[in-house]
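Note on naming: letters A, B, ... go to the chains in the order of the sequence lines (proteins, then strands), and numbering restarts at 1 for each one.
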Number of protein chains: 2
Amino acid sequence: MPTETTSRLNLSYERLNNYCCRLTRPRQVILDVLDKVDRHLNAEQIYKRASEIYPTLGLATVYRNLELLVRIGLVWKFDVGDDKTRYEIAQWSRETHHHHLICKKCNSVIDYSESIDNERDFLREREKNLSRKYNFKIENHCIDFFGLCSKCKNTD
Amino acid sequence: MPTETTSRLNLSYERLNNYCCRLTRPRQVILDVLDKVDRHLNAEQIYKRASEIYPTLGLATVYRNLELLVRIGLVWKFDVGDDKTRYEIAQWSRETHHHHLICKKCNSVIDYSESIDNERDFLREREKNLSRKYNFKIENHCIDFFGLCSKCKNTD
DNA sequence: TCTCCTATTGAGAATGGTTCTCATTAATAC
DNA sequence: GTATTAATGAGAACCATTCTCAATAGGAGA
Ligand SMILES: [Mn+2]
Ligand SMILES: [Mn+2]
Ligand SMILES: [Zn+2]
Ligand SMILES: [Zn+2]
């Protein structure tokens with residue numbers, strides 16, 4: 001019985017294969033770290049955790065592979081306001097798709113998915129109109145809310 | 001008869017005053033550049049244009065003041081995918097508020113404002129629900145669509 | 001208009017996240 | 001196995017942005 005995690009990893013490996021990318025140890029380890037619950041990590045954090053599993057790993061390799069994984073759609077990258085790009089495993093499925101609440105003060109990120117179907121429908125409709133009007137091929141969207149998290153709100 | 005531009009600049013000066021910031025020549029010039037039609041410039045581009053008006057201007061001063069203007073709400077900053085932060089004069093009014101279509105290939109930005117009222121209402125409703133549920137004080141939102149502009153779509 | 005205080009400036013150095021280089025290693029097709 | 005070449009690790013390089021610090025100039029008050 002494959003766990004959710006192993007099946008997600010297998011899908012990732014398959015995708016790498018489709019893109020003619022070799023399934024190297026560093027890639028496995030990086031995907032493994034991204035697959036864990038902690039999300040929204042920056043490259044340095046991913047490097048640190050992956051190094052514990054595979055100590056000879058190099059930081060440049062982490063950057064190179066994150067870039068690759070983003071390019072082939074297995075990973076999402078985004079910014080929150082500090083100057084470190086954040087990464088998280090791509091969540092395309094209807095159950096896990098989500099958007100973000102981003103705290104301007106502590107740069108923490110909250111995933112939310114309530115009414116995400118509403119948002120998705122709404123955005124799809126907008127995309128249809130906009131792409132027609134501007135002859136623009138929309139590939140993905142970004143919707144974020146910025147402000148103060150509950151902690152930071154009370155320590156002003 | 002004040003033009004739209006001069007009145008917008010006057011409002012900016014007033015705002016600076018309210019925040020007890022001196023109305024220096026560099027600030028005037030930077031605001032003047034931002035107030036021109038070309039939007040979505042990066043710091044270097046703003047520096048270049050402002051230098052033509054005020055040649056002794058320093059790049060650090062541009063960065064410092066852009067930061068200030070963002071902080072007091074006169075300027076918006078955002079990223080498009082190259083590694084240079086973009087800036088544009090804040091457009092809060094109902095007539096000029098807009099969102100962005102961003103080309104992943106050439107990093108150009110298209111302003112759109114059709115159905116922006118719909119979007120705004122929709123987002124406001126979401127903000128209300130989310131801030132209650134997560135005890136999160138939402139201060140602003142970001143909604144962008146990424147893809148390929150009409151030019152880049154045809155040169156793949 | 002003059003003076004004083006200090007916010008602001010300009011130049012260049014420093015920072016730090018990310019990318020590049022290059023010799024070495026290892027995945028995979030045959 | 002062997003050959004091919006994609007991928008790696010280490011460190012240097014890059015470059016947008018921030019910092020430092022002595023010099024300058026707003027603007028409040030006299
Ligand atoms: Mn997330
Ligand atoms: Mn715009
Ligand atoms: Zn916070
Ligand atoms: Zn384009």
Practice prompt. Please state whether the phosphate of C:dT19, meaning OP1 or OP2, lies under 4.0 angstrom from any side-chain nitrogen or oxygen of A:Tyr63.
Written response: no
Worksheet, complete the sentence: Test side chain to side chain contact (heavy atoms under 4.5 Å, CB included), reference B:Leu34, set B:Leu41, B:Val29, B:Leu69, output is B:Leu69
Discussion item. Which label fits A:Phe145 and A:Tyr112: parallel for a plane angle under 30°, tilted from 30 to 60°, or perpendicular past 60°?
Written reply: tilted
Response to the item:
The side chain to side chain donor-acceptor pair (under 3.5 Å) partners of B:Tyr63 (sequence neighbours excluded) come to none
For nucleotides 19-22 of chain D, list the nitrogen or oxygen atoms of the protein found under 3.5 Å from its nitrogen or oxygen atoms, one pair per line.
residue: D:dT20; atom: O4; partner: B:Arg64; partner atom: NH1; Å: 3.4

Roughly, in whole Å, what's the span from [atom1] in [X] to [atom2] in [N]?
| X | N | atom1 | atom2 | answer |
| --- | --- | --- | --- | --- |
| A:Tyr87 | C:dG17 | OH | P | 12 Å |
| A:Leu68 | C:dT18 | CG | P | 17 Å |
| A:Arg27 | C:dA26 | CZ | P | 15 Å |
| A:Gln28 | C:dT28 | CD | C1' | 14 Å |
| A:Leu16 | C:dA27 | CG | C1' | 13 Å |
| A:Glu67 | D:dA6 | CD | P | 16 Å |
| B:Leu59 | C:dA13 | CG | P | 15 Å |
| B:Leu41 | D:dA16 | CG | P | 15 Å |

Worksheet item: Would a hydrophobic clustering, with Ile, Leu, Val, Met, Phe, Trp and Tyr connected at side-chain separations under 4.5 Å, put A:Ile102 with B:Trp76?
Response: no
Fill in: Donor-acceptor under 3.5 Å (A:Arg86 side chain, A:Val80 main chain)
no
Fill in: N/O donor-acceptor pair under 3.5 Å between B:Arg27 side chain and B:Arg22 backbone
yes
Taking only N/O atoms, report every protein-nucleotides 27-30 of chain D pair under 3.5 Å with atom names and distance.
residue: D:dG27; atom: OP1; partner: B:Leu23; partner atom: N; Å: 2.7

Worksheet item: What are the residues of residues 74-85 of chain A, sorted by number, that bring a heavy atom to within less than 4.0 Å of DNA chain D?
Response: none
Item to complete: Specify the residues of residues 47-57 of chain A, ordered by number, for which at least one heavy atom lies under 4.0 angstrom from an atom of DNA chain D.
Response: A:Tyr54, A:Thr56, A:Leu57
Practice prompt. Tell me what B:Asn65 touches on the nucleic acid: a base, only sugar-phosphate, or nothing, going by heavy atoms under 4.0 Å.
Written response: sugar-phosphate
Response to the item:
A:Phe122 meets the ring pair (Phe, Tyr, Trp, His ring centres under 6.0 Å) criterion, sequence neighbours left out, with B:Phe122
Worksheet, complete the sentence: Testing C:dT18, D:dT17, D:dT8 for proximity to the side chain of A:Thr61, the answer is D:dT8
